[in-house]
2 protein chains.
Amino acid sequence: MRAALYMSAGNVVVDDVPDAAVSEPTDAVVRVLRAAVCGSDLWSYRGVITRAERSRMGHEFIGIVEEVGDDVRTFRPGDLVVAPFKWSDNTCPACLDGIQTSCENGGTFGAPGTDGGQGEAVRVPWADGTLVAVPGGLGGVDESLYPALLAASDVMGTGLHGAVMAGVTEGSTVAVIGDGAVGLCAVLGAKAVLGADRIFLMSRHSDRAAIGKSFGATDIIAERGDEGIAAVREQTGGLGVRHVIEAVGTPESWAMAIGMARDGGSIGAVGVPHTAPTLPLFQPLIHNLSLSLAIAPVRRHLPDLISRITAGTLDPGVVFDNVLPLEDVAQGYTAMASRTSIKTMLVPAT
Amino acid sequence: MRAALYMSAGNVVVDDVPDAAVSEPTDAVVRVLRAAVCGSDLWSYRGVITRAERSRMGHEFIGIVEEVGDDVRTFRPGDLVVAPFKWSDNTCPACLDGIQTSCENGGTFGAPGTDGGQGEAVRVPWADGTLVAVPGGLGGVDESLYPALLAASDVMGTGLHGAVMAGVTEGSTVAVIGDGAVGLCAVLGAKAVLGADRIFLMSRHSDRAAIGKSFGATDIIAERGDEGIAAVREQTGGLGVRHVIEAVGTPESWAMAIGMARDGGSIGAVGVPHTAPTLPLFQPLIHNLSLSLAIAPVRRHLPDLISRITAGTLDPGVVFDNVLPLEDVAQGYTAMASRTSIKTMLVPAT
């Protein structure tokens with residue numbers, strides 16, 4: 001089969017690899033319908049972290065179950081499924097806590113020795129725990145929903161989780177730091193899923209701001225740093241915002257998040273950079289802030305997100321502003337790395 | 001009147017100062033019945049932070065209202081009151097949020113230009129918002145409850161707040177880092193107020209551990225650092241503890257808190273050292289932790305704490321293992337600084 005391979009910094013190619021296959025009785029093989037390039041895929045692409053040559057790339061995909069191991073109970077060939085970016089057994093203590101990203105049997109697609117999402121097919125460990133079926137199967141949903149379902153595999157679940165951790169509820173005032181796909185999906189999660197009333201989105205890119213507005217952002221703040229903080233405080237009676245979603249992960253974005261949080265407020269942090277920053281605790285302490293951080297357990301949110309997407313009440317799919325054949329994956333990385341694409345979707349040949 | 005004065009590092013004395021007096025119509029003057037020495041009073045005593053010569057000391061006291069300004073509505077002379085360590089109007093947005101330590105009119109007793117708690121009387125700004133009356137007044141409660149009421153002015157409210165921030169509820173398993181008065185009161189708050197089931201207390205001092213056990217600690221862990229973490233994990237099936245209260249505030253105590261927290265768990269941090277540490281965010285991120293920090297809004301908890309204390313269902317007063325006349329304040333600082341006293345209570349002459 002064909003799959004994207006990391007060759008070296010700046011060089012991702014598609015090449016022939018062994019076919020995905022069931023190797024454990026709890027595995028399923030999923031034929032990929034759509035895959036995505038993630039901001040975190042860019043760390044190795046930019047040479048910021050090292051990665052083995054010819055290792056597989058990608059961890060976001062939707063597809064059709066093609067084969068299942070003997071112990072797989074929930075799925076059968078032909079099922080349309082969404083995979084979260086990490087697999088999990090969904091039965092261990094962490095999974096039962098809804099922290100499937102800490103599963104004792106968990107792992108990440110594209111890690112050494114595993115299939116990546118950016119390929120024609122993927123071996124999915126712990127299929128019963130990992131995958132979530134789309135009701136109705138392949139014929140049950142229109143292809144126009146594939147981008148939204150693909151977004152649910154990572155960015156939508158991650159953005160929503162940031163909003164959940166920030167304590168967003170009906171009527172909340174919220175600030176979102178970061179106008180990448182996760183930040184935009186945080187806006188959508190805060191608005192469409194949790195019912196936020198007013199949403200500040202930090203953005204200075206008109207295309208991203210436009211999506212943010214369509215997702216529910218009420219105020220676009222172009223200023224950064226102390227000026228960005230001042231702009232948000234000015235709009236909130238000087239008090240700041242009770243719920244802040246940090247979707248970048250740099251010291252600068254953390255400083256903004258803390259600076260614009262209302263005393264006693266909550267920050268939900270889902271920005272995962274290649275190196276997590278070091279945070280001075282004095283400001284959070286004297287302002288009585290809660291900081292919740294996550295490698296978002298997307299699996300927890302997937303059933304709800306899929307329901308909303310198939311019901312037509314949630315459409316995060318518009319974050320995909322670039323669609324390419326899998327064979328053109330290199331162009332996808334170039335577009336993402338140069339920020340000419342918010343998020344790129346890959347379509348394997350059928 | 002007589003009051004404790006900071007002279008220089010290692011030198012706190014009692015001397016004559018101007019009588020406390022009403023200067024704003026919202027002020028009350030409270031004659032001090034009992035005052036306490038706080039761990040944070042030791043920062044200047046140890047010379048870690050600078051402090052003006054002859055500045056007042058102390059911010060924990062209970063007493064009798066002696067005089068009220070024209071705008072004070074809730075109190076009258078003779079009322080027995082508990083003061084939280086910061087005053088607050090209790091009407092501003094932060095106060096209405098229950099974050100009275102962020103009051104827009106707030107301040108700390110003992111700050112420059114204010115009276116400290118370690119004196120014969122204290123001018124209390126925003127008396128209606130700050131003070132909480134003890135039902136029944138001076139004759140209504142036995143003097144044996146004074147230590148418990150004094151503990152409510154800071155350490156009990158602070159410890160309880162740590163447990164609240166850590167999400168402790170009925171049946172919780174909890175770890176408390178720190179066996180000072182705040183840590184011990186965190187144990188008591190977790191157990192007696194919030195209903196925790198199992199409580200690990202990190203302690204290697206037998207006197208403190210004994211109080212911790214009497215407050216509800218089920219497991220005393222003497223090991224520190226990685227060994228302390230391993231000991232707690234061993235007792236929790238390797239998973240760690242869902243609710244951790246950090247009551248020290250050093251990088252070492254933070255590392256223990258994070259190391260023993262269960263994935264998806266919560267840390268309530270009320271340790272306030274002279275310099276707040278810098279926290280690496282990678283571990284909290286990959287383990288999906290929530291970190292809530294506070295200069296605890298003791299005022300929020302005072303009515304409930306006073307009710308429990310006067311009802312006889314809560315007695316944090318045993319943290320006071322040293323009782324001295326106000327005039328002997330220097331001995332109190334020596335005892336606290338040398339850790340021969342957990343917490344020292346001062347009794348002004350009547």
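In this structure, the portion of A:T101 lying under 4.5 Å from any heavy atom of chain B is its side chain and not its backbone. For A:L289, the part lying under 4.5 angstrom from a heavy atom of chain B is the backbone only. Heavy atoms of B:L285 lying under 4.5 Å from chain A belong to its backbone as well as its side chain.
Heavy-atom pairs under 4.5 Å with chain A peak, among B:R242, B:M165, B:Q283, at B:R242. Of the listed residues A:H287, A:H161, A:R262, the one with more heavy-atom pairs under 4.5 angstrom with chain B than any other is A:R262. Of the listed residues (A:G264, A:P277, A:A94), the one with the most heavy-atom contacts under 4.5 Å to chain B is A:P277. The candidate with the highest count of non-hydrogen atom pairs below 4.5 Å against chain A, out of B:I286, B:L291, B:V270, B:D263, is B:L291.
Note that the CD1 atom of B:I267 and the OG atom of A:S292 stand 10.5 Å from one another [nearest 0.5 Å]. Of the inter-residue distances, the one linking A:Q100 atom CD with B:N288 atom CG reads 10.0 Å to the nearest 0.5 angstrom.
Scanning all heavy atoms of the two residues, the minimum distance from B:P93 to A:L239 falls at CB-CD1, 3.8 Å.
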